[in-house]
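See below for the structure under consideration.
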Amino acid sequence: MSVVTYEKPIQHIGLSDWHAKQWQNQQTNDTRRSDAFNVRHESRQLRNETKVKTEWDTYQNNVRLADRVTELDRWKDTLEVCLDRISKEIESLKDEKFSTERELDALGIPLSVVAECISMRDCRQGAELTYDDGDTELKRELCVIEGVKKLLVERCQAAWEKLNKLDQLRFKLNLELNDKTEAVEIDKDQLTLDKNCANISFKADPLRIVKNSIPYETWLEHSRYIKELADNELADTHKLREALFVVRERARNDLRAQRDRADFTLRKRIYETQKARNELEWQQFKMREEMDKLIKEIKTLEDAILAKTDALKLCETRLENRAYRPGFELARDETEAGLKNEVIQLRQTRNELINKINCAKATYNALENQQVIIDTDLENKSHSLMTDVRCLDMRIRLRTGEFAGPATDTDRNIQLTRMEKEIPPT
């Protein structure tokens, strides 16, 4: 079955419509050209503006990166200076701690010497075992040594704790320096990049907030905190080193003053003991001299008694022989009276001499007993004197030992000013 098609008849327009159509087409063409020109102008303006903006943004970010690198370098230099000061302070504090520990070890010498002196003086005998000034000063010196030892131990403990804190701070500073060094390297690498580099590409979500990132203010506060922490620890360490030096010098001065006081007291006690011993030796000499004289006197009295005994025998014999006279010749004449009176006198004299001999012997016994007391006291004083002299000889180690310090004031000034290495040896 065939389809029959009919052609639409061509419509003819008028001349006025044709002119209108031509004008409309011309207007449309002008509009399109104007739009194209505007688009081209705006595109060129947009390209120029975006190019300028991109270049300025890139430049400003480069400047920011350079400023950031400079800031990180400045903080890194500051922390490196702090780290160097911390390291030097640690070494200085170790030296001060070592010197204090040596001072503490050196206290063993005076401690043992003073304890031995006290134990030696406790071995005195008799009345010499007294609580004198020497005993008081020695015990006071022992208390001073114990107090100094306790103070040095506390300072050494504080120095040890401060060294631990400084080690922790040095570890933190090393971490900070490593982090800042790595950050500087990363930022410097970003400065070397440009749009023509081969290792640039699109990244997934570059505008995200990176995990564990912190604001700039927090970072700046943390850096300042580390710097202030280092400065505070350095100041505390400097004060601690000064305290260690001061406590060592004060300990030396206190021990030296107490040592001189104890030595003076011992020398004074030795002088007093020597004086008392010399007095006793003189008393002993006089006592022995008096005893010798008394022995001679007793012998003289005994000889006198023997003489009076012979005279008494003579008188009694005469009286007895005259009793045999015969008759009226047995008269009580003057001779008999004289003989009887002589017998009475001789007997009385003999009794007086015997009493005097007994009194002399009693006196001699008293002198002998006193001589024993003097000998015992003299022996005790000699023992006490020998003990104090041995204590003084033993205490010489306090002056010649390590704890005695410089021998002269010049050596002491050299040591205090630390000029040992600058002064040429003699």
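In this chain, residues are counted from 1 in sequence order.
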Tell me the side chain to side chain donor-acceptor pair (under 3.5 Å) pairs involving residues 273-282, sequence neighbours left out?
-> E279-Q283
Any donor-acceptor pair under 3.5 Å from D194 side chain to C197 backbone = yes
Establish, for the pair R68 and W219, whether the NZ or CZ atom is under 6.0 angstrom from the six-membered ring centre and no further than 45 degrees off its axis.
-> yes
Kindly state each residue pair satisfying salt bridge (Lys or Arg N to Asp or Glu O under 4.0 Å) with at least one member in residues 170-192, sequence neighbours excluded.
-> D167-R170, E176-K180
Quick note, side chain to side chain donor-acceptor pair (under 3.5 Å) partners involving residues 195-218, not counting sequence neighbours, are E71-Y216, S201-K203
Can you list every pair that meets ring-ring contact (aromatic ring centres under 6.0 Å, His included) and has a residue in residues 184-215, with sequence neighbours left out?
-> none
SB check K162 E233 (cutoff 4.0 Å) = yes
By salt bridge (Lys or Arg N to Asp or Glu O under 4.0 Å), which residues pair with K286, not counting sequence neighbours?
-> E289
SB check E228 R224 (cutoff 4.0 Å) = no
Spatial distance of atom CD1 (I145) from atom CG (L255) [nearest 0.5 Å] = 5.5 Å
R140: salt bridge (Lys or Arg N to Asp or Glu O under 4.0 Å) partners, not counting sequence neighbours | E137
Residue pairs fulfilling side chain to side chain donor-acceptor pair (under 3.5 Å) with at least one residue in residues 296-308, sequence neighbours excluded = none
Just how far is it from atom CZ of R390 to atom CD of E116, taken to the nearest 0.5 Å?
-> 8.0 Å
All salt bridge (Lys or Arg N to Asp or Glu O under 4.0 Å) counterparts of K88, not counting sequence neighbours | D84
Taking only residues at least two apart or on different chains, which pairs with a member in residues 33-62 satisfy ring-ring contact (aromatic ring centres under 6.0 Å, His included)?
-> W56-Y59
Pairs in or reaching into residues 26-39: which pass salt bridge (Lys or Arg N to Asp or Glu O under 4.0 Å), with residues at least two apart or in two chains?
-> D30-R33
Identify, with sequence neighbours excluded, every residue that meets side-chain contact (heavy atoms from CB on, under 4.5 Å) alongside E342.
-> C315, L339, L346
R269: what forms a salt bridge (Lys or Arg N to Asp or Glu O under 4.0 Å) with it, not counting sequence neighbours?
-> E128, D132, E272
